[in-house]
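Only this structure's heavy atoms are used, side chains among them; waters, hydrogens and symmetry mates stay out. Chain A is the first sequence line, chain B the second, and so forth, proteins listed ahead of strands; every chain is numbered from 1.
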Amino acid sequence: MAKILIIDDDVQFRKMLSQVLKRAGYEISEAEDGNEGTRIYETEPIDLVITDLIMPKKEGIETISELKKKYPDIKIIAISGGGRVGPESYLTFAEKLGALYTFSKPLDRDKVLEAVHELISE
Amino acid sequence: MRPTNEKLEQRIKMLEQEAERHRQSESINKTLYAISNAVSTTSNLTELYKTIHISLSHIIDVTNFYIGLYHEERDSIVILFYSDQTSDDFKELVNISKSDSLSLTYEVVKTRKPLLIQKKDLEAWLTRENRKPCGRIPEIWIGVPLKIRNKVMGVIATQSYTNSNQYTQKDVDLLVSVSNQVALAIDRKKYEEELNIHRNHLEILVNNRTAELTELNKELQKEIDDRKYAEQSLSESENRYYQLFENELDATIVFDAETLQFEDVNKAALELYGYSKEEFINLKAHDISTEKEKTKTDLQKIKDSESKTVRVPVHYFKKKNGATFPGEVNSSAFASGGRKKIISSIRDITKRLKLEKELRQAQKMEAIGTLAGGIAHDFNNILSSIIGFTELAIDDTSENTLLQDNLHEVMIASSRARDLVQQILTFSRQTEQDQKAVQIKIIVREAIKLLRATLPSTIAIRQNIESDSMIMADPIQIHQVIMNLCTNASHAMIEKGGVLEVNLEDVEFDKWSIPQKKAIKPGKYLNLTVSDTGHGIPRSIITRIFDPFFTTKPQGEGSGMGLSVVHGIITDLNGMILPFSESGKGSTFKIYFPVIESEYKQNTDDGATLPKGTECILLIDDEHQVAKMGGQLLNSLGYDVTIKTNSIEAFELFTTESGNFDLVITDLTMPNMSGDDLTMEIKKINPHTPVILYSGFSTKINEKRIQTIGADAFVTKPILKKDFAKLIREILDKVN
């Protein structure tokens with residue numbers, strides 16, 4: 001069973017996305033920031049990382065950048081509720097750093113699931 | 001009968017006596033003349049005394065002689081001249097009337113009579129009265145008073161120290177006979193001398209006075225010069241003041257502090273208030289104010305301030321034509337012609353207040369933007385959970401239950417919240433747009449295409465899109481402007497239906513025809529007009545429609561962000577939006593975007609340097625005009641172009657004639673079969689035929705998706721001719 005790591009500081013959001021992905025048949029690991037996320041990625045067999053961008057301690061852009069450098073084949077989906085300059089700016093940045101798909105919060109569940117299936121099945 | 005000898009002798013003697021008297025009389029006459037003449041021939045009293053002495057010596061022995069003058073006020077006798085055998089000094093005899101000594105001179109003055117006295121008689125006198133003599137006792141002494149105007153002025157005296165018979169009564173008579181002349185001569189000379197002294201004194205006085213006068217004259221002249229200079233300075237100063245007053249840019253008025261009657265106004269005041277000078281000076285201060293009570297209070301403050309300037313930040317005034325305006329007033333009181341006056345300068349601050357209001361509005365918008373951007377992130381996270389959990393809950397509920405219906409309502413509400421956050425985010429990042437040259441007509445057509453699908457059939461759309469002009473803008477934002485305006489228009493007609501009209505045309509404004517001089521500059525503009533025939537906007541709220549969160553829609557149906565986002569975008573592009581509306585008569589929004597002299601247009605004339613080709617290209621775009629324009633562009637580059645405006649037809653054509661096309665260029669957003677589906681179908685038929693996908697401004701497509709569908713390139717409109725020519729050539733060369 002493919003395993004997906006969700007990195008997000010919003011507990012409720014993590015819980016919701018976990019349920020959505022578990023129902024779609026995936027195994028889930030959760031982390032509340034980039035540090036914890038990196039640690040889990042390095043200790044567990046993770047097939048796909050879904051990470052938020054704006055988080056305390058270690059935020060998403062830095063996490064993507066580090067993971068991508070260490071593991072060039074890593075599959076990452078970036079999600080964001082946006083910030084002062086709106087979601088696109090951060091998400092565009094994430095995309096340039098190597099996120100394969102980007103989604104603005106609130107998520108379109110079908111599109112997210114479609115992207116996850118596509119990336120896991122590759 | 002002959003006289004006898006005795007008689008003859010008597011006769012001779014008489015004749016001799018007669019002759020002697022005659023000689024004596026003649027001598028006296030000569031002396032008198034000499035003395036009289038001396039008055040005019042001598043230069044001073046001393047000389048006169050000497051002359052008198054000499055003249056008298058011809059008729060009498062004056063070996064020991066003196067002239068003493070009596071000073072009644074000083075009670076003294078001053079010996080003015082003397083000739084004496086002794087060496088005694090003749091001093092002034094003071095306090096003569098009370099002296100213990102016997103002065104013969106004073107005795108003559110006192111008695112006013114001549115005196116002849118011998119030594120023995122004098123000594124008997126002294127003994128009798130027990131007094132001492134003044135000076136040495138002579139053998140004989142004669143003294144005669146000198147009278148003038150019946151007053152004794154002095155004494156002439158002669159004496160002998162040796163011969164007691166030196167003088168007789170005859171000598172006394174002789175001296176008495178000349179004494180009047182002597183007195184007169186001395187008096188005259190004295191008078192003449194006094195006169196001289198006076199004259200000299202007067203002369204000195206006159207000289208001094210003249211000198212003083214000359215000095216005074218000089219001072220006076222200096223004062224006159226100073227006054228002239230002061231007058232000239234005053235005149236220059238007055239002139240300068242008048243020039244300053246007259247040419248002062250602020251309206252300046254002078255009026256009486258008590259009567260408030262205007263007395264002088266400058267040109268700026270005439271222009272500002274619209275009165276002539278004659279009309280103005282017939283008015284009073286409160287006649288040009290709309291706040292009469294405030295005028296009184298303000299004027300009292302000015303009067304109490306002495307000469308300090310009093311500033312009134314805002315006071316409302318009225319002009320001759322009745323128009324009112326806010327003015328900033330600076331006033332001060334001063335005295336002139338014995339009365340208190342007030343000078344006030346008034347500056348029309350209408351523009352400043354408006355700018356301040358605009359600035360406050362801009363700051364408010366910026367603050368809202370910052371705040372909105374800040375909260376949007378958290379809000380999106382919350383919405384994510386709400387939507388996500390609701391979807392999960394829906395999954396777990398049975399179809400057609402009340403629970404599922406309710407959960408769908410939660411979804412609808414969440415979706416509205418998501419849209420609102422999206423609007424707020426757009427609003428908050430107005431300044432961070434990605435501007436490029438945009439041909440608006442393409443965006444307008446695409447937007448209308450999207451709208452048409454969603455509008456009910458009761459709303460008709462008319463469009464008149466004429467202009468090819470380009471502007472500098474973020475295509476996404478322009479799309480949003482059009483969508484927001486058209487959505488508002490359709491909402492206004494949703495109940496009764498109507499016509500939505502969208503026009504696009506070029507306009508040019510000079511400084512006279514410009515609709516709002518302050519908002520935009522003269523020049524070429526692209527005018528986008530969106531009109532509807534809906535319920536219109538009431539006059540009372542038309543000034544507030546661009547305020548963020550202002551909405552007329554029922555609670556929960558509108559965010560109030562739409563028009564403020566539109567306004568913000570247009571203002572950022574140095575454009576202008578003007579609303580025209582009346583209740584029940586529909587609304588029209590006229591938008592003016594500044595046109596750029598586009599590179600696109602310039603480059604179309606520069607075809608010679610662009611990479612060209614002769615290959616066959618299939619071009620698909622459902623927008624007829626865009627397709628036609630693209631065809632012309634490709635033709636100008638030398639290519640053989642087949643145009644299709646229906647994607648299904650295009651697919652069918654390619655299915656049968658795939659070998660005839662070296663390249664397919666297709667729009668992404670098309671009805672029936674979209675550009676990405678068409679691309680995949682084409683690749684299925686002939687994977688080697690290169691496909692270029694292009695889209696409007698708004699459609700975002702992931703690179704991964706492009707790879708998945710197999711497109712060789714993806715470009716967004718507007719496409720510059722030189723870039724397009726280069727891209728086509730590159731792709732064709734790669735395949736070949």
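Under the 3.5 Å distance criterion, the side-chain polar atoms of A:Arg109 are left unmatched by any main-chain donor or acceptor of B:Ile387.
Surrounding CD of A:Gln12 are at most 12 heavy atoms belonging to other residues, nucleotides or ligands under 6.0 Å away. Atom NZ of A:Lys15 has 12 or fewer heavy atoms from other residues, nucleotides or ligands within 6.0 Å.
When all heavy atoms are compared, the tightest approach of A:Arg23 to B:Asp396 is NH2-OD2, 2.5 Å. A:Pro106 and B:Ser384 get closest at one heavy-atom pair: CA-OG, 3.1 Å.
Distance check: A:Leu107 CG to B:Glu391 CD gives 9.0 Å after rounding to the nearest 0.5 Å. Here the straight-line distance linking atom OG of A:Ser104 with atom CG of B:Leu383 works out to 12.5 Å at 0.5 Å rounding.
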